[in-house]
Structure formats: structure tokens, C-alpha cells
Amino acid sequence: MKRYNPKEIEPRWQQIWDETGVYTADLQSSKPKYMAMSMFNYPSGAGIHIGHAMNYTISDVKARFKRQQGYESYHPVGWDAFGLPAENYAIKAGVSPQQSMATIIPSYHKQYKAMGWSNDWEKEIATHLPEYYKWTQWIFVQMYKHGLAYQDSRMQWWCEKDNSVLANEQVIDGKCWRHDGPDDPLVQKKEVKQWFFKITEYADELLGAIDDLDWTETVKLAQKNWIGKSKGAEVEFVIDGTDKKVTVFTTRPDTLYGATFLVLAPEHELVDGVRTDEQKQAVDAYIQAAQQKSEVERQAAKEKTGVFTGAYAINPINDQKLPIWIADYVLEGYGTGAIMAVPAHDERDNEFAKKYKLPIIRVVQNDAPDDECSHDEGTMMNSGEYDGQTSSDARENIVKTLAAQGKATEKVNYKMRDWSVSRQRYWGAPIPIINCEKCGPVLVPDEDLPVVLPELDDFKPNGDGRSALARASDWLKVACPECGGEAERETDTLDTYICSSWYMFRYMDPHNQKAIFDSEIVNKWAPVDFYNGGDHATAHLLYARFVTRFFTKIGIMENPEPFKQMLFNGKVTAGDGTMFSKSKGNGVDPLDIIAQGYGADALRTYLMFAAPLDTWIRWDSQGVPGTHRFLSRLWALVQEYLEAEERVVSEAAQKDILRATHQMIRKMTEDIEENRYNTAIAASMTAVNELYKLKVEHLARTTVWQEALEAVVVCVAPFAPHIADELWFQLGHHTSVQKDTWPEWNDKYLTQDTMTIVVQINGRLRTTLEVDTAATEDAIVMAAKSDGKVAAHLEGKEMLKTIYVQKKLVNFVVK
RNA sequence: GGGCGAGUGGCGGAAUUGGUAUACGCGUUUGACUUAAAAUCAAAUGACCAAAAGUCUUGUGGGUUCAAGUCCCACCUCGCCCACCA
């Protein structure tokens, strides 16, 4: 009997799949389409790790399942190649990022194939290739032409180590996301001229569509928080003794009578204009101190600080004079950078008022002690004519009154800012702009795209805030497309989030040289049916949704959402629950596991079996041997069958065989569809166990066994595709198991002649009965009552009630 | 501080949504095969009890119900995300 040897069969099948192109999707096919993918990979010298094995197997199983079900299933592959790590590596190693990608990417090919992933290699893409980034640049051009790309000077997060600007989401706990070690510096703010995409214009649309998405709930929530919509009003306060006005944003205009002071952010433009001469020194000192503090220190500061400006503002609702303070707990970047402080009903204002002995006036009735605050809504008090109204009525009425006088407007604010898309680094798609002294920034004409990134010897940033491209003088100097005069190319490159915001559509038409993609194909294949990754990826998903919506607005595609289903899957940690890390040397290399002889099939099956997909799994060194054992059992069963004699199998045994297989088919079909891979695999194990019991007396080369084994092989194929194809051929087939093979279950094989009835007394299990499925209620209750054990318990008791649940249970309630 | 989620054997985890708690796997124990070991096959495996019978058991305490891992209330513990956003 041949032994199960994954080392022999896996490479063989990988080669056959390659040669026959079973995983090449026909995008023009008339079959129903299905597209499953995981977030694409950032190629680095380290190769794939166990986290990749997890992520990509999840989408691979889905793609295989659908392919077997008869869908035209497309499991694409590509590389998110631009970005800082490759550039930093290039600086260190002196090898150009172009060159290192040219060697790294092919090494990934081997690793992906060794994992048995069903990628369509004909349609492979990589974001650093001119044929790809031509269209990344084209998106910038379109954004610009539609008024959604603009340039602005902003205070930006700046990482000294990278010499580059960082987006908000790239700042984690005050440090650069790539330099967050204990010795790394905190990020700084620096004024830089930046290109932005006006994503805020889509904020409401992006928010509104979230609820309908079939995505992991926490990911949806993260998107909502990120957008951070809040409804309120802007209220105008006149500064006493001047004609200057300061506008505040508040979500609680109902508490306007409770405002006892105003607070401006230190960077607020009115600060210089309002402070009195007596307070100049104190204010200047405070602002200087605030500037020196990094954002982290500001946020970490437990105690609130501030300084009085000496100026007062007039409360528009009751003409009260309110002192104007400056404090860094008010942020310049949100709302108007100024607030009305209501210490009775806002915790931060309360803390500040207590520290600086400012008055606290309660305007919403509550039970809190006098100097405590409560943000609850309720009935108004101390609010003039609004006393007795509910918060929500007062809110509406106060805004209405002030609006009539031009002193307030309803206002919606978002936490989300416009998307900063320029990076002062070399390894990215050059921004297709030419800066002309006469004409200003001018778009590179479409026919001149792509602006090819020149190969350099030295990739270090220029040190003046510009990328290495500032030193590429041949590339830099160019004639202005408008006036023909001397001009320079933009030396910023595009944020790699742009590259990844549209790659799923390029997958659908990867070699198109005339357009970003063919609309007809994309309208057929979008949205992506299944998308997964091990991160919330809030920014990536939001940007992808934004760009997709933009595409629909400019008429190149129809569906405004890129991903129909999005699964945020768990990760793999070391057995002690800590993250795998190179420095600790506790990593588990998927390729090692395969090489040890367990094979990719056992590894894939273990990863999908260990826990539900959204749960973090702890690596268990006994896990892969366990799934390997299961696959060996299946292998051995097929071998025994092939060597068995032809003979008649009893009708009862046939029924048992059919029931075991059809139960498995049903459970696996439903569970894979619903992303419950762990219980799907359990169902296949149960079936194999059942067949093992049946084989002892009934194994024979007959149709019923042939079909049962085929069903198991087919159902296991999404998880363990190599052994499946091998056994499929051994069972006499000549075409791959990977396509159009998924079986249907038949309910008639699931029925049994008898059923198990649970018998309870006062809700406690006393016995179970095997009865004929056709048995009536009366017959079942009679049988239950006369059962020996039950009768003993009923002896001498008064029968109060008999509960009968159809085909399930009898419960006698006695006293 | 805010939000979300989770507590089930020695371990990872099941439980058709109120109806036999602990599927499946790991581990452990025993037996078969073997000179022996590994591998494989078979059996057992929540706790208490020598065993049968029985009792107890889904973080803790209450409640609803004929019946609760599942529903309700209170508490404890853990995890994740966001965090001075007015």
C-alpha cells in the first residue's frame, strides 16, 4: 500500500496546476463570477510568515470552494511594492529597490506555490512597475481635474528618522509607525507644502453606506469612528469692546446659558488680536511652552493648563460677559479651534473651571453634587425662557433664535481630515506635476504618463525636506507643458495608500495599456466578493472606498463599494500568547513545517481548523501533526478501498454510508459559505471516522463506497488541495478535482428509521428512547412512562403536566 | 475615561438559537501489532464514587421557564479598539 507522502505529491501537483493553468480565470466567462482575495503582500527579504499563511489560506479556501461549485473563481495575486521599508533597505544595502524587488518577488512566487494557493499568475500585478503606476498617476490627474486634489501648507507629522511626512494613522503613541522602539524619537510637527485629496467631501456618503456592508462589525465601527461625524452648531461670540467675533463649535447648544468662559486653542488665529497688553507676557509664555511640547506630551498631560487672555466675549443668548482663556486641551484642528466651556456639563471644562476657579452654572437638572458635572440630557433650568424645556427642544429653539439673528448655524463636523498624499521619499510613484515659476503647478499631460521614476544610485532624502529626486537633475529639469519655459518636476511621490486603493480593479484588467481598466469587465467583476486581512486597515479600506466612489462619479464604473464581504481575521501568536518575532527567535516558518514532511495540506488544514477565523490562535506544535494524521487516515482509507474486493454491501450499511457522507456535504457546504471553516473540517473528520467504523465489516469496491470517498475527497479539497487531486485521480478521474466538482446533498439520505427521544422528569434527564420516526405523540409518551427507570422515578408522584416537543423530548412535571 | 466583545474539560474549541452540555482535534491511559521503539489500529477519557445507581458541572450571585451555556438583573475577571474631537 502506498504511503501518504506530501513531499512527493505536493510539488508534483503544483507543477501540474502550473502547466495546465487550472487557476487561470476567464474574465469573459459566462459562468457566474466569484472573486476572493486577501490584502496583498508587501514584499520584503524575510519571505512569508505564518500570518501570511493564515490570511492567504482563508481567501484561497473560499476561492477553491467557489471554483468547485462551478463559479468562474478568480484568486488574484499582486505586490504592494512601493514604500519605505524597501527604500530604507536600499539605502542600507546599496541595492536599488528596483533590483531588490526583481529578486525578492520571484522568491515569493515559489513560496506562494509551495503553500498551494490557487493564484492566477497570468494576471499578477506589482505597484512599482510603470505599467501599474501610470494609472496611479492617472488617478491623481483625475482627482486634480475634478477639483479633489489640492496643495496646501500644513503642519504635518514629521519623522526625523524617515525624513518624511506621516499621515495621522502612521503616528502611533506619538511615534512613527516604523520607528516605535523605546529609543526612537517622538514625531514632530513641521510646516510642509503637501498635496491633498479632498476625501472630506465624501465623508457623509462614506459614513452612510457603512451600515449596509457585510463586513466584520469592529471594522465597520472603526470606519465610523474614523469619520467621526458629530452634529451641532457654530455659535458666534462678539469680543467685548471690539467688532471682532469668535466662532465656537458645540454639540450642546442647549447648554449655552451654562457657558461661563471661552477657550481658544493656542494656535488660534485670534489669540494675538484679543489678548490684553497686561496678559501678553503670560500668553506668549504659555503658547511658547505649548509649542515646545510634543503632541504626545500635550495629550498625556494629566492636568489641564491654560492662561487668561484678559479679554471677554459676549454670550449671544444672554449678553453675559465671559472671560476668554487659552488652553491646549482645545485642538486647533477640530471644529473651529475654539469652544464655549460649560463646566457643569462637560468633564474637561469642569476640570479646568475647578483648577482656575471659574464659575460653574448648571442648566440641565440632575442629581449630581453641586460641583460635579453631568453630560446627561434632561429638563432645562437657569436658562431664561427655555426653562422647563427638554434638552433636545431647547437645543433646537436656541439655535433657531440665534440663527434668526445671524449668530448661529447648524453645523456638522467630522474628525476625518483630507488625505495627505505626498511623501518626500524616493520609492513611490512620482506625482505627475510640473512646477513652473510662471504657471504654478501644471499637470503632466496624459500622453506623457507615466512619469517614470528614474533609477538612482543614492536614495537618501535630500535633507531639505525633498526626496532624492531633487538630485536627479536630468529628470528634474523639464519644459513647462503650458508655457514651454524652464520648470521642475514635483519631487514628492504618492502615498502608497493610493497604490492600494484601486489594485482590486486592476486585477480585473491587469494588462490594459489604453485605460486604467475596461469598464465593462469591472462592472462584471466588481465588487470583490470576499476580502480579508489581519488588520482593521481602517485607512486602507476607507481610501479604497473613497477612490471607488470617485470612479463611479467620473463614470468609469458602476458599483460604489469595492468589497462586498470583508473579514477581519485573527492572527497567529506563539504558544504563550506573545507575538512571534524575529528578535525573540520564536517564529514558526511555514516553509519549514512543509519541509519537515507534514506538507502544505496539513498546515493549511490546521490553520483553518484551530479556531474560528476571527479568533487569534496560539501556535500548538501538536496541531499540524494532528491534521496530518487526519489526512493520512483519509489516504489509507482510499488505498484500502482500491485494494478491496467487489461484493454486495447490505442495504443497512449503504444507508449508513450515505447518511455519513450527505451529512458531511451539507455541513461543509453551509459552514464554508458562512466562513465557519473549523466546524467544516470537523465535519469531514466525523465522516472519515464513521467510514472507518463501517469499513471494518462492509468495505467493498462498489458504487456506494466510490461515491462516499469521492465526496470526502472533494469536500476536503479546498483545505487540502494536493492530496485531494492525488486521491481523485487514484479514484479513476482524469481531470482535476479543482473545478466543478462540489456535490449536492440529498435530504432523503439524512433521514433515519429511528429517532432519539429525550425523557426528562422535572426537566432532568432520566433516559433516552429510540423510537420509530413514525411514532405518534401518544405512543412516545406511553413508551416513556413505561420505561423502567422513568417508572421508578414517577412512582408515588402526582403527574401535573406532560410536555412533548415534537421528535425531541418528553418532560413529565410531577410533584 | 468611552465603545465593543468574551469567560464552557488538562488544552484549542463545539452546541441546529430555549430542548441529551463538552462535537472535532490535541493531550493522557489501556490494549493489539513489534525483539523494542516510532508509526498505525482499537477502546477509554468533565468531576465525585471501587462499581452500579446517583449527585454536581458552562466566571459569581439572583431571576424568568416544564426546561437556561443560550433570555433578564447585579457583580467579578480578561481581551481588543478609540481616546482632551467640544
Side-chain angles (χ1 to χ4, degrees), chain A residues 3 173 217-222 224-226 228-230 232 248-253 255 259 263 265 298-302 304 327-331 333-342 345-349 351-352 375 413-417 536 538 568 570 575 577 605-606 609-612 614-627 629-630 632-633 636 666-667 670 676 678-689 692-693 696 756-769 789 792 800-814:
Chain A
R3 278 190 63 105
D173 292 334
E217 285 301 320
T218 56
V219 174
K220 289 163 72 167
L221 193 66
K224 287 184 187 173
N225 291 340
W226 181 276
K229 180 179 184 170
S230 55
V248 306
F249 174 72
T250 177
T251 54
R252 294 294 299 275
T255 62
V263 187
R298 253 168 90 160
Q299 292 188 3
K302 292 231 166 67
K304 299 218 171 351
D328 62 9
Y329 80 90
V330 173
L331 307 175
Y334 182 76
T336 62
I339 62 157
M340 62 176 214
V342 185
H345 302 293
D346 181 281
E347 276 152 44
R348 295 148 303 179
D349 298 345
E351 194 188 317
F352 195 82
H375 52 257
N413 256 316
Y414 298 94
K415 283 190 218 174
M416 183 170 71
R417 316 286 161 79
H536 277 105
T538 309
F568 171 38
T605 307
Y606 166 66
F609 174 64
D614 57 4
T615 303
W616 286 50
I617 69 175
R618 292 181 178 206
W619 184 257
D620 174 1
S621 59
Q622 298 297 332
V624 174
T627 46
R629 190 172 305 144
F630 160 64
S632 304
R633 276 164 67 79
R666 183 172 82 151
K667 180 84 177 138
E670 291 172 351
R676 295 186 298 257
N678 58 330
T679 49
I681 293 167
S684 66
M685 290 172 167
T686 305
V688 168
N689 291 346
Y692 256 69
K693 279 180 197 141
V696 177
T756 308
I757 298 290
V758 172
V759 184
Q760 299 179 335
I761 293 167
N762 288 343
R764 303 174 73 94
L765 175 72
R766 291 303 168 189
T767 191
T768 59
L769 297 175
K789 284 182 203 162
L800 297 179
K801 215 199 250 182
T802 302
I803 312 263
Y804 173 72
V805 179
Q806 219 189 1
K807 302 197 170 190
K808 269 195 184 136
L809 120 172
V810 179
N811 186 13
F812 297 114
V813 186
V814 299

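Keep in mind that the numbers below use all heavy atoms, side chains included, and drop hydrogens, waters and symmetry copies. Throughout, a chain's letter reflects where its sequence line sits, starting with A, and its residues are numbered from 1.
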Options B:rC4, B:rG19, B:rU20, nucleotide nearest the side-chain atoms of A:V758: B:rU20
Between B:rC11 and B:rU55, how far apart are the two C1' atoms, rounded to whole Å? 27 Å
Rounding to an integer number of angstrom, what distance separates B:rA44 and B:rA51 when you compare their C1' atoms? 16 Å
If I take atom CG in residue A:D349 and atom C1' in nucleotide B:rC84, what distance separates them, rounded to the nearest angstrom? 10 Å
Under-4.0 Å side-chain N/O to phosphate OP1/OP2 contact, A:R766 with B:rU55: yes
Polar atom pairs (N or O), protein with nucleotides 30-34 of chain B, under 3.5 Å:
none

C1' atom, B:rG69 versus B:rG19: distance in rounded Å? 13 Å
Would you say A:Y606 and A:P625 make side-chain contact, with heavy atoms under 4.5 Å? no
Taking atom C1' in both B:rG13 and B:rA23, what distance in whole Å separates the two? 10 Å
What do you reckon, is CD of A:E347 surrounded by more than 12 foreign heavy atoms closer than 6.0 Å? no
Check the angle between the aromatic planes of A:H536 and A:F568 and answer parallel, tilted or perpendicular using the 30° and 60° thresholds. tilted
Pairwise P distance for B:rA38 and B:rC56, with rounding to whole Å: 42 Å
Decide yes or no for A:V330 and A:F352: does some side-chain heavy atom of the first lie under 4.5 Å from some side-chain heavy atom of the second? no
Rounded to whole angstrom, note down the P distance from B:rA21 over to B:rU58. 12 Å
Just wondering, do A:I339 and A:D349 contact through their side chains at under 4.5 Å, heavy atoms? yes
Interatomic distance, A:K415 NZ vs B:rC84 C1' [rounded to whole Å]: 11 Å
Would you measure the distance from the C1' atom in B:rU22 across to the matching atom in B:rU8 and give it in whole Å? 7 Å
Tell me the interatomic distance from A:M685, atom CE, to B:rG13, atom C1', rounded to whole angstroms. 12 Å
N/O-N/O pairs, protein side and nucleotides 39-42 of chain B side, under 3.5 Å:
unit_1, atom_1, unit_2, atom_2, d
B:rU40, OP1, A:R629, NE, 3.4
B:rC41, OP1, A:R633, NH1, 3.1

Under 3.5 Å, which N/O atoms of the protein pair with N/O atoms of nucleotides 6-12 of chain B?
unit_1, atom_1, unit_2, atom_2, d
B:rG12, O2', A:A610, O, 2.9

Distance-only, no hydrogens or angles: does the A:N811 side chain make a donor-acceptor pair with backbone N or O of A:V759 under 3.5 Å? no
Can you check nucleotides 66-70 of chain B for protein contacts, nitrogen or oxygen pairs under 3.5 Å, and list what you find?
unit_1, atom_1, unit_2, atom_2, d
B:rC66, O2', A:N811, ND2, 3.2
B:rC66, O2, A:N811, ND2, 2.5

Does B:rA23 have OP1 or OP2 sitting under 4.0 Å from an N or O in the side chain of A:N678? no
Among B:rA86, B:rC84, B:rA14, which is the nearest nucleotide to the side chain of A:F249? B:rA86
Rounded to whole angstrom, note down the P distance from B:rU70 over to B:rC80. 26 Å
Pairing residues for A:F609 by the ring-ring contact (aromatic ring centres under 6.0 Å, His included) criterion, not counting sequence neighbours: none
A:K304 to A:Y329, cation-pi by 6.0 Å centre distance and 45° axis angle: yes
Please classify B:rG5 as syn or anti, treating any glycosidic angle within 90° of 0 as syn. anti
Between atom CG in A:N225 and atom P in B:rG5, what is the gap in whole Å? 13 Å
Ignoring backbone atoms, establish whether A:S230 has a side-chain N or O less than 4.0 Å from OP1 or OP2 of B:rA86. yes
A:Y334 side-chain N/O to B:rA86 phosphate OP1/OP2 under 4.0 Å: yes
Where the side chain of A:E347 is concerned, which of B:rC24, B:rG1, B:rG13 is the nearest nucleotide? B:rG1
A:L765 atom CG is separated from B:rU20 atom P, nearest whole Å, by 9 Å
Let's test your reading of the pairing rules: Watson-Crick or G-U wobble, both distances under 3.5 Å, then write RNA chain B as a dot-bracket string with ( ), [ ], | and dots. (((((((..(((......[....)))((((((.......))))))(((.....)))..(((((..]....))))))))))))....
